[in-house]
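In what follows, a single structure is set out as structure tokens and then discussed.
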Amino acid sequence: ILLLIVAVSAGLWGFKSFQKEDPYKDKLLTELLTFVLEKAHYQPAKIDDAFSKQVYKKYMDNLDPSRRYFLQADIDEFKKYELAIDDMINERDLSFFELTYNRLMLRMKEAQDVYKQVLEEPIDFNIDEQVSTDFEKMAYASNVSELKERWRKQLKLSILSSVYDAEKLENDSKEKDPKYTVKTFAELEKTSREKSLKSLNEYFEFVMDLERKDWFAMYLNAMVETFDPHSSYMSPDDKEKYDASISGSIEGIGARLQKKNDYTEISELIPGGPAWKSKEVEQGDLIMKVGQGKEDAIDIVGMRLDDVVKKIKGKKGTEVRLTVKKLDGTIKVISLIRDTVEFEESYAKSTIIEKDGKKFGFIYLPKFYINFENKDARDAFKDVAKEIENLKSQNVDGIAMDLRDNGGGSLQTVVDMVGLFIEEGPIVQVKSSNKRKEVLSDRDKKVQWDGPLVVMVNTFSASASEIFAAAIQDYNRGVIIGSKHTFGKGTVQNMIDLNGFLRNSQYGDLGALKATIQKFYRINGGSTQIEGVRSDIVVPDRYTYIDTGERDMDNALTWDKIDPASYKVLKNNFKDAIERSKKRVAANKQFKLIDENAKWIFERKDKNVYDLQMAKFKLVEKNVEEQIKKYKEISKYDNHLNFVTLPSEKALFAKDTTLVERVDAWHKQLKSDVYVEEAIQVLQDISPKKRLVKQ
């Protein structure tokens, strides 16, 4: 990476003179991004007419995905740039962006008048008509009248659904209380229109609050994502959010905010954060002013939400003063000292599962998190190692690692984590754009857990999760149970700070480029790209018959294979346990119901035409509800497992009163999970008949 940065930087010194001749930051960003991508990307796209055509389509789809802003005349005007974007990049020409941005702002203002007109009058649900939601195949409106008609039908569908649901609630209320006065259809229709108007007003308030730079970032990403779906441009704000998501923590007051008209509302308090600890800040408080330390407070009413967040966040140990309006109307000034706020839902957690007199450990890992700037901060490797020790102290007979929906994270973290379960050896192979291969290995002979291991995955287990599952499978260290295959993301991204390539930039923070610079391979030589990891035991889920994941993405890199690494396969024999599991899964009524539901979802996935006549709409919805009612039984399942909180976690209950509720809610969720039941049964099948119990 260092050599890459030096090489690219050397080629970018020419940008210094470019700054003097052209003052526009956007032009600089456009050329800088494409230059760095051409030098750094694993498989750089050729910037030609074909590239230009893809960028054009992606950008237009992102600007107006539901085809309810632009007219066909606008598209005809834009179309002349379809094969010119590659040339415009070289010529530092942003006229296409300027044209589309200005036109979109105009069309959005017009759209506000349109939906307000549509929602002024009561809607007639007796007219026999239909609406299509297949926007990708939909032509653009040829004139304003046609566009208004499109808005009318889309809004009618939304309100029709709302009225239908409201009627059911009214009938339920009447059944529970015969004295209840049921609202009339006209009242329900009027309320639904008012709610729809309020919702659209709030949406447009948010959208119109976006700045030009936000829309330009969308244009840049249409170019960057044409290289591959995992490369992206990140504005300074987006980079900050990404860092917080990968580390699982931020420095601030620990409150989630949302816009409420011109005000900023406290929508949620994060347990353990300064706002939560203060006992003064409450959900529903409206923030009127923000002050830094002893400085005068600034009125933030009407300010963009992102700008409010910037003023409230800050370095650990610094003071921020919030002037808030309480629900009772009183005004209060609250002083808070910012601190590191950790998002507990982002971190590893474990529990004990009891079955047939045996104890099994269950570790849930939502992502492979790490804080690159603070080595002393929490990371997934250290946390999982700690959870294993906690489980070992309770003499568990086996461990299930739950990586379902885990989208990945740090490459080095997953390499270290596999090392917790094997003695030593290669974990993953990585190939860079120069085709040089590197083998990342665990060199620590210590094994944290050498007992029975099951790894749970699904279609949305991606990247680092796939490296973990693949290594465990290739070493024959444990059994993989889950969807027929994982996501199929076999590429490595690196965050490249764009500011590091320019001397004395007069434009401030330029943001960062997340670029695909490597491809990783299993130690058996196969790539997980597109293919993913195939489970040893396949269990049905709601996506069984739908191809999701990398294979469904535009511009995804292809699958290939390289020479295997040198490693020794363990002599574990899981064959009997796998066969027994397959028979159980095939005979299990819950799995049969899940599979039936998956087939039903597959059959309905392409439904995009809806009746707008109330009688016909009701008929279809009642049929759908009958099916949904049947499949609701899936969530009511009881696996009859016993979940026991670890002593180490119980010790924290006194400090965090909300932790008890969160743990109970998690255990309740796991208790209805048939996949957990089967994972524990597999552990039981592969665990030793006898085990040593520590005295």
Side-chain angles (χ1 to χ4, degrees), residues 248-249 271-272 342-371 376-404 406 409-410 413-414 416-423 442 444 446-456 465 468 472 477-478 641-671 673 676 679-680 682-684 686-688 691-695:
S249 66
E342 296 182 336
F343 303 107
E344 285 297 329
E345 65 269 23
S346 301
Y347 295 137
K349 56 185 176 182
S350 67
T351 191
I352 292 171
I353 300 176
E354 294 178 338
K355 186 178 189 297
D356 298 336
K358 286 189 174 184
K359 293 180 181 178
F360 299 95
F362 182 87
I363 300 175
Y364 169 64
L365 184 68
K367 64 176 72 172
F368 289 84
Y369 50 90
I370 192 170
N371 189 323
D376 296 325
R378 294 181 69 170
D379 68 56
F381 165 66
K382 289 186 290 190
D383 284 355
V384 169
K386 183 180 176 182
E387 297 298 341
I388 291 173
E389 286 305 304
N390 289 337
L391 293 170
K392 282 168 65 177
S393 71
Q394 301 303 303
N395 297 312
V396 295
D397 290 273
I399 290 178
M401 279 286 293
D402 186 359
L403 300 183
R404 291 175 296 173
N406 183 320
S410 164
T413 300
V414 69
D416 293 339
M417 196 178 296
V418 175
L420 296 171
F421 302 94
I422 66 166
E423 202 167 281
D442 167 47
D444 184 356
K446 180 184 176 184
V447 181
Q448 199 92 5
W449 176 253
D450 61 359
L453 176 67
V454 164
V455 180
M456 301 174 69
S465 296
F468 185 93
I472 295 299
R477 172 63 186 86
L641 297 173
N642 188 36
F643 297 88
V644 181
T645 305
L646 285 157
S648 56
E649 191 163 42
K650 283 183 180 177
L652 301 174
F653 285 174
K655 296 180 182 177
D656 185 351
T657 53
T658 66
L659 182 58
V660 182
E661 295 175 12
R662 299 203 303 273
V663 170
D664 286 345
W666 183 44
H667 284 172
K668 185 178 179 181
Q669 177 187 336
L670 293 178
K671 195 166 179 59
D673 195 330
V676 172
I680 297 304
V682 173
L683 276 178
Q684 193 171 26
I686 63 177
S687 63
R691 55 186 295 277
L692 293 175
V693 179
K694 293 181 181 178
Q695 299 299 319

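Side-chain atoms are counted along with the backbone in the values below, which use heavy atoms only and exclude waters and symmetry mates.
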Below 4.5 Å, heavy atoms only, C-beta onward: do [X] and [Y] meet side chain to side chain?
X	Y	result
Val455	Leu403	yes
Met417	Met401	yes
Val676	Met456	yes
Asn395	Lys359	no
Leu391	Ile363	yes

Quick one: [atom1] on [X] to [atom2] on [Y], what's the gap to the nearest 0.5 Å?
X	Y	atom1	atom2	result
Asp450	Ile399	CG	CD1	10.0 Å
Trp449	Ile388	CH2	CD1	8.5 Å
Ser410	Asn371	OG	CG	11.0 Å
Ile370	Thr413	CD1	OG1	3.5 Å
Lys358	Ile352	NZ	CD1	15.5 Å
Phe653	Glu661	CZ	CD	11.0 Å

Query raised in the report: With Tyr364, which residues qualify under ring-ring contact (aromatic ring centres under 6.0 Å, His included), at least two apart?
Result: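 Once residues adjacent in sequence are excluded, Tyr364 has no partner under the ring-ring contact (aromatic ring centres under 6.0 Å, His included) criterion.
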Closest approach of [X] and [Y], non-hydrogen atoms and distance?
X	Y	value
Leu683	Gly398	CD1-C, 3.9 Å
Leu365	Ala380	CD1-CB, 4.0 Å
Pro452	Ser687	CG-CA, 3.5 Å
Ala348	Pro366	N-CD, 4.2 Å
Ile472	Leu453	CD1-CD2, 3.9 Å

Residues which pass side chain to side chain contact (heavy atoms under 4.5 Å, CB included) with [X], listed by chain and number, not counting sequence neighbours:
X	result
Lys355	Phe360, Leu641, Ile680, Gln681, Gln684
Lys446	Asp444, Gln448
Asp416	Phe381, Gln412

Requested in this report: List in chain and number order the residues that pass side-chain hydrogen bond (donor to acceptor under 3.5 Å, both in side chains) with Asn642, two or more places apart in sequence or in another chain; answer none if no residue qualifies.
Outcome: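 side-chain hydrogen bond (donor to acceptor under 3.5 Å, both in side chains) list for Asn642, sorted by chain: Glu354.
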Got a sec, which residues hit salt bridge (Lys or Arg N to Asp or Glu O under 4.0 Å) with [X], two or more places apart in sequence or on another chain?
X	value
Lys382	Asp379
Asp383	Arg378
Asp673	Arg404

**Report entry** salt bridge (charged side-chain N to carboxylate O under 4.0 Å, His left out) between Lys392 and Glu389, intermediate numbers included
**Finding:** CA-CA 5 Å; Lys392 282 168 65 177; Glu389 286 305 304; 3.3 Å; yes
Report task. Give the ring-plane orientation class for Phe468 versus Phe368, where under 30° counts as parallel, over 60° as perpendicular and anything between as tilted. Result ->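 It falls in the tilted class, 30° to 60°.
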Pair up each side-chain donor or acceptor in residues 643-651 with any protein partner under 3.5 Å, not counting sequence neighbours, and list the distances.
{"from": "Ser648", "atom 1": "OG", "to": "Asn390", "atom 2": "ND2", "distance (Å)": "3.4"}

